[in-house]
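Down below is the structure, laid out as structure tokens.
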Amino acid sequence: MCSDDSFFSFKGEKRGRRAFYRGSQEEKYEDGIKWKFLEHKGPYFPPEYQTLPDDVKFYYNGKPVKLSLPAEEVALFFAQMMDHEYTTKEVFRNNFFRDWRKEMTLEERQLIMDLNKCDFGELHAMHKQKVEARKNLSKEEKLVNKEANQKIVDEYGYCVLDHHRERIGNFKIEPPGLFRGRGDHPKQGMLKKRIQPEDAIINCSKDSRIPEPPAGHRWKEVRHDNTVTWLASWTENVQGSCKYVMLNANSKLKGEKDWEKYEVARKLKTCVDAIRAQYQEDLKSKQMGTRQRAVALYFIDKLALRAGNEKEEGETADTVGCCSLRVEHITLHDTLDGQKCVVEFDFLGKDCIRYYNKVPVIKRVFKNLKLFMENKQGGDDLFDRLNTQLLNKHLSSLMPGLTAKVFRTYNASITLQQQLKELLKENVAEKLLSYNRANRAVAILCNHQRAPPKTFEQSMANLQAKIDSRKEQLDLAKKELKQAKKEAKGSSDNKLLIVVEKKKKAVQRCEEQLLKMEVQATDREENKQIALSTSKLNYLDPRISVAWCKNMEVQLDKIYNKTLRDKFAWAIDMTEHDFVF
DNA sequence: CGTCATACTTAGCAGGGAAGCC
DNA sequence: GGCTTCCCTGCTAAGTATGACG
């Protein structure tokens with residue numbers, strides 16, 4: 001459907017892909033090779049557990065019990081979380097208690113049989129005290145800590161990859177603790193064990209200085225695999241999944257990958273019409289599987305749903321994406337609020353964020369959905385003949401590199417571009433508001449939510465109070481101006497004329513400040529439950545924003561903070577004002 | 001051909017510090 | 001200059017996607 005012509009050199013781009021390969025030795029490697037040289041110091045391990053002071057005691061059944069070191073460490077994990085709601089949850093407590101008992105000695109295990117008889121009060125109090133003490137450190141003490149941290153970053157936070165010194169993203173091994181899943185996670189409260197060097201695999205060049213394991217330890221393995229980008233990995237015990245130490249987003253390798261992602265999405269732009277025509281056609285297919293695929297694709301395209309891989313039941317919270325939708329997640333309405341063929345979605349997506357939406361769909365989709373739901377229970381798969389592998393196989397046959405998630409990237413970026421075109425404004429504050437509105441339209445499309453800030457109501461009220469007082473001030477300033485004009489009228493006294501000018505300026509300044517605050521209030525209110533940062537970071541082609549800033553004469557740092565400017569350095573470097581996504 | 005493992009991107013949240021406010 | 005607010009950064013969980021394996 002779409003040819004595989006290279007996507008180099010687009011309008012509005014100073015250079016194409018070559019921008020990443022300045023210098024003669026920096027040509028792109030053969031397929032799958034990620035680097036030729038990689039050197040680093042290995043991951044940084046968290047400090048060992050320090051036993052409790054003698055005066056801080058754990059009590060069981062009212063009696064003080066001196067716990068063994070491993071049991072004590074895990075007890076403290078629980079004690080530290082006691083202000084949090086999930087230590088009251090049944091699943092959390094049970095998982096914790098089961099794993100805690102595994103760390104106990106035989107005697108401890110025989111004694112400590114009931115979590116409800118455990119008193120962590122002193123441990124909890126000690127923790128709170130420590131937090132408080134840390135907060136109250138003097139400026140100098142804080143500076144000392146900061147410098148110590150910086151030393152760790154300097155030593156472990158960088159690697160050398162093909163002649164470039166690069167920042168590592170997460171060079172610290174995750175410390176042990178109690179697993180906190182999102183939503184109703186069946187494994188919440190389980191013990192996330194301490195990782196030892198013996199658990200860690202190191203990846204680096206053969207000819208590099210191999211990182212030294214901490215004294216008295218050895219690595220699980222040292223390998224030299226240049227088809228992957230990670231520097232170290234370990235297996236996490238709660239879910240049994242692999243964790244990786246990887247480069248920072250501002251690295252060349254990550255930037256290149258990011259650029260490629262957006263190029264694939266731009267490629268989709270050139271053939272999305274044909275793909276849409278195709279799935280419209282497929283809605284009529286005689287093959288049930290093809291029709292299901294077409295409906296799923298319709299959702300993914302129109303609603304920016306995620307692909308929806310299968311998940312192992314009981315291992316994670318019950319969340320779904322498009323392909324894994326169940327009958328119980330949608331309700332069909334022949335008519336609703338004056339609209340025809342409305343599908344009501346209600347399901348938990350990634351991170352247990354609720355997706356709730358009422359969407360009118362085309363008739364053929366509606367009829368197919370009715371068919372798919374026939375003779376099924378709520379818990380049955382809506383698309384029983386479809387999974388993400390089948391879907392992606394189909395997509396990659398339509399366009400090289402096309403997968404389900406590309407639609408999210410494409411629709412997010414194209415939405416931003418369109419919205420920015422429509423929302424044209426005069427002054428900088430308003431321009432930024434319209435940028436945020438465009439950003440918000442994308443965040444809504446992608447269902448990027450956040451918990452309303454805890455202090456939201458209060459800070460909103462504070463802002464409103466400020467607006468009110470500024471209004472009063474403005475009224476006053478206007479009156480004064482009027483008065484000054486009156487006095488100056490007919491007079492040629494220069495002093496009076498100067499006063500008039502002064503008052504004019506004051507009114508103007510007041511008006512500007514008022515407008516700024518009102519814009520801020522609107523922006524904040526509209527943003528209450530919406531997270532803009534996720535789409536900015538992951539879905540919006542940065543070249544759109546860079547070009548917009550150039551055209552609007554808005555400083556880039558008004559929309560991108562330092563981290564984002566670093567991450568998108570490639571886009572800042574290559575984008576001209578006439579860039580079109 | 002389904003299942004599992006692997007690698008990498010996407011996600012929201014907490015805590016701390018810098019910026020903004022009076 | 002002290003206080004509050006809010007933004008940034010780090011953290012790590014939770015997705016997507018694909019290739020190996022039996």
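Naming: A, B, ... by sequence-line order, numbering from 1 per chain. Computed from a predicted structure; not experimentally measured.
Both K350(A) and E312(A) sit near DNA chain B, but only E312(A) has its closest nucleotide nearer the 5' end. Along DNA chain C, the nucleotide nearest N561(A) and the nucleotide nearest Q239(A) are compared for position; the residue whose nucleotide lies closer to the 5' end is N561(A). Nearest-nucleotide positions on DNA chain B for T409(A) and K135(A) put T409(A) closer to the 5' end.
Residue Y244(A) places no side-chain N or O under 4.0 Å from the OP1 or OP2 atom of dT9(B). In this structure, K192(A) reaches the dA13(C) phosphate: one of its side-chain N or O atoms is under 4.0 Å from OP1 or OP2. A close approach under 4.0 Å does occur between a side-chain nitrogen or oxygen of R408(A) and OP1 or OP2 of dA11(B). When the side-chain nitrogen and oxygen atoms of K172(A) are compared with OP1 and OP2 of dT12(C), none of them lie within a distance under 4.0 Å. At the phosphate of dT6(B), neither OP1 nor OP2 sits under 4.0 Å from any side-chain N or O atom of S241(A).
Atom CG of N203(A) sits about 11.0 Å away from atom NZ of K34(A), to the nearest 0.5 Å.
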Treat primed atoms plus P, OP1 and OP2 as sugar-phosphate and everything else as base, then score nucleotides 16-22 of chain C 5' to 3': B for base contact with protein heavy atoms under 4.0 Å, S for sugar-phosphate contact only, - for none.
BBB----
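For K254(A), taking side-chain heavy atoms from C-beta onward, the closest of the listed nucleotides dA11(B), dC8(B), dT12(C) is dC8(B). Side-chain atoms of R167(A) lie closest to dG10(C) of the nucleotides dG12(B), dT10(B), dG10(C).
At distances below 3.5 Å, not a single donor-acceptor pair connects side-chain atoms of R293(A) with backbone N or O atoms of Y279(A).
The residue K261(A) sits close only to the backbone: its heavy atoms come under 4.0 Å of sugar-phosphate atoms, none of a base. Residue contacts for E236(A): at a heavy-atom cut-off of 4.0 Å it reaches no nucleic acid atom on any strand shown. Among the atoms of the strands shown, only primed sugar atoms or phosphate atoms (P, OP1, OP2) are found under 4.0 Å from some heavy atom of T229(A). Among the protein residues, T319(A) comes within range of the sugar-phosphate backbone only, with heavy atoms under 4.0 Å from sugar or phosphate atoms but none that close to a base.
In this structure, H40(A) has its ring center at least 6.0 angstrom away from the ring center of F171(A). Aromatic rings of F345(A) and F299(A) (six-membered ring for Trp) have centroids within the 6.0 Å cut-off, being under it. H329(A) has its ring centre no less than 6.0 Å from the ring centre of Y355(A). For an aromatic pair to be called close, the ring centres must be under 6.0 Å apart, and F120(A) with F78(A) satisfies this.
With rounding to whole Å, Q188(A) atom CD is found 16 Å from dC13(B) atom P. The separation between K562(A) atom NZ and dG10(C) atom P is 12 Å, rounded to whole Å. The distance from atom NZ of K536(A) to atom P of dC7(C) is 10 Å, rounded to the nearest whole Å. Atom P of nucleotide dT9(B) and atom NE2 of H448(A) are separated by 16 Å, given to the nearest angstrom. Computed from coordinates, the E174(A) CD to dC11(C) C1' distance equals 8 Å when rounded to whole Å. What separates CG of N439(A) from P of dC7(C) is a distance of 13 Å, to the nearest Å. Atom pair F407(A):CZ and dT9(B):C1' shows a separation of 18 Å (rounding to whole Å applied). With rounding to whole Å, L348(A) atom CG is found 16 Å from dA11(B) atom P.
Annotation: cation-pi geometry not satisfied between R565(A) and Y560(A) (NZ/CZ under 6.0 angstrom from ring centroid, within 45° of ring axis).
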Between the protein and nucleotides 17-21 of chain B, list the N/O to N/O atom pairs that are separated by less than 3.5 angstrom.
none

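Across every non-hydrogen atom of Q188(A) and G183(A), the tightest pair is OE1-O, 4.0 Å.
Of the options K257(A), E263(A), K261(A), a side-chain contact (heavy atoms from CB on, under 4.5 Å) to W259(A) is made by E263(A) and by none of the others.
Taking a 6.0 Å sphere around CD of Q287(A), one finds it holds 12 or fewer heavy atoms contributed by other residues, nucleotides or ligands. Counting non-hydrogen atoms of neighbouring residues, nucleotides and ligands closer than 6.0 angstrom, the NZ atom of K41(A) reaches no more than 12 such neighbours. Heavy atoms of other residues, nucleotides or ligands lying less than 6.0 angstrom from CD of Q555(A) number 12 at most.
For the contact set between residues 177-187 of chain A and DNA chain C, defined by any heavy atom under 4.0 Å, the members are F179(A), R180(A), G181(A), R182(A), H185(A).
Residues Y539(A) and S413(A) are not in side-chain contact: their nearest non-hydrogen atoms beyond the backbone lie 4.5 Å or more apart.
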